[in-house]
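Single-structure report; data block below.
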Number of protein chains: 2
Amino acid sequence: MSKHYFSKLIEKEIARLESMPQPPEIDVSDLDGDKLAAFIDHTNLKPEATRADIIALCEEAKQFHFASVCVNPSWVPLCVEQLEGSEVLICAVVGFPLGANTSENKAIEAEELVELGAREIDMVLNIGRLKDEDYTFVYEDILQVVDAAKKAHVKVILETCLLQENEIIAGCVLGKEAGAHFVKTSTGFNKAGATIHAVSLMRRTVGEGMGVKAAGGIRTREAALAMIKAGASRIGASASVTIVS
Amino acid sequence: MSKHYFSKLIEKEIARLESMPQPPEIDVSDLDGDKLAAFIDHTNLKPEATRADIIALCEEAKQFHFASVCVNPSWVPLCVEQLEGSEVLICAVVGFPLGANTSENKAIEAEELVELGAREIDMVLNIGRLKDEDYTFVYEDILQVVDAAKKAHVKVILETCLLQENEIIAGCVLGKEAGAHFVKTSTGFNKAGATIHAVSLMRRTVGEGMGVKAAGGIRTREAALAMIKAGASRIGASASVTIVS
């Protein structure tokens, strides 16, 4: 599809959002620790994470019933072993955290990780190309990962701290068009993480049919609830045990 | 090869370094701007870099005769186009900047980038596995990239700010054993970049037969010369024009 097609779509979306009333806040009053745990991708993406760190991550995820463990590719086989028989999913990152890999390589990485046992793929979109308004490139980059991931759900990381408001909207529109299941605010490796404002904008853009994951810098129960109030349906955190305790 | 084999090799190297006299400082008195330029990989690895940024990077590299441009994978085809007919090499990063991808994916990424036109591959080793002393894993991870890169030169990034002194030595020994051409201090994306101490230790470990690349936080001519004095044979920098001017 052409740049013109996507440009029109994004323009239309920006106009729609401008005339849209602020949606009501989500009610989080019944979210106790157990219910909150189901929102959380329990995350360790540190390059220096050891085998023992990843085993501990899996143990905590089983104990607290987090939605998933979110790990770097090289740890997926260990997580499969550790999480056998549990309901905790494995979420692996692709093109992470810069998003500037080739589309071919992102797709190959996603395919390999799903074959290894990942059920969710958190991919970083190509940020520079989004800034270039090279919408066809960004769309096809996401589409190739969605296709390669088959039944696994794909979350598109926008890295909102690097984007203008209209670029956030564009990223959401392109992710939705490409059939991704979630948009996600941040990698946690750039200058800032999730903000209420970005989460709310992303939720208004994608509507109710897609997930919104807030990640980066969420370290307390209050912060997690504030993100859910703003529209997040998933939280990425490493301080997950603190958040639900 | 077994963990035992590598452990012995690393122990022997640590003992050798302890009894080794401090090598003489490298003479840098004749390194004017032109000569210094030949040491520099002119680098833009920002995820938000645009097409115009990469074109400017290539223009500067041609004008100042830097050794290479160092870019994210998605920009290699543009650099091939921009650098046609010049002597500036294309250096692309693999498994960057976390190094925690699968070995299979690192090898596939390297192979693709060399086919696209990269002549140098800067790969990040698997830092967590190095900390785990899973030496066979780290060795084979590097070896697969070296094999996949064929004639292209491979630099192994250690991310020294995350490593103990003995882990830096181990990373150098494993890189050398696997047939890499350079060891490199840092990605520039973690908490600190190159230090004189790390560069000197790396040079003493690998000897004269391998390159040592200092990268991360080198922004002045003085800083670049200090790294070369300590043993660096290549400098990674984005402030390259300032360094040689």
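We name chains A, B, ... by the order of the sequence lines, and we start the count at 1 in each one.
Applying a 4.5 Å heavy-atom cutoff, none of the residues of residues 177-188 of chain A approach chain B. Residues of residues 113-125 of chain A lying within less than 4.5 angstrom of chain B, judged on heavy atoms, are A/Leu113, A/Leu116 in numerical order. Listed in order of number, the residues of residues 134-149 of chain A that approach chain B to under 4.5 Å between heavy atoms are A/Phe137.
Atom CZ in A/Arg129 sits 7.5 Å away from atom CZ in B/Arg51 (nearest 0.5 Å). Separation of atoms NZ (A/Lys46) and CG (B/Leu162) is listed at 10.5 Å; rounding is to 0.5 Å. For the atom pair B/Glu48 CD and A/Leu163 CG, the distance stands at 9.5 Å (nearest 0.5 Å).
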Quick one: do A/Asn101 and B/Asn72 satisfy side-chain contact (heavy atoms from CB on, under 4.5 Å)? Show the steps, please. CA-CA 6 Å; A/Asn101 309 72; B/Asn72 275 307; over 6 Å; no
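Contact of A/Pro97 with chain B is made through backbone and side chain together, with heavy-atom distances under 4.5 Å. In this structure, chain B has a heavy atom under 4.5 Å from the side chain of A/Glu112, while its backbone stays farther away. Residue contact with chain B, scored on non-hydrogen atoms closer than 4.5 Å, involves the side chain of A/Phe189 exclusively. Contact annotation for A/Asp53: neither backbone nor side-chain heavy atoms come within less than 4.5 Å of a heavy atom of chain B.
A side-chain donor from one of B/Asn126 and A/Ser74 sits under 3.5 Å from a side-chain acceptor of the other.
Here the options are A/Glu111, A/Lys106, A/Glu109, the test is side chain to side chain contact (heavy atoms under 4.5 Å, CB included), and the partner is B/Asn105; only A/Glu109 passes.
Partners of B/Glu60 according to the side chain to side chain donor-acceptor pair (under 3.5 Å) rule, which considers only residues two or more places apart in sequence or in another chain, are B/His42.
Of the listed residues B/Ile54, B/Leu98, B/Ile127, the one with more heavy-atom pairs under 4.5 angstrom with chain A than any other is B/Leu98. Across A/Pro77, A/Pro47, A/Ser103, A/Ala92, the residue that shares the most heavy-atom pairs under 4.5 angstrom with chain B is A/Pro47.
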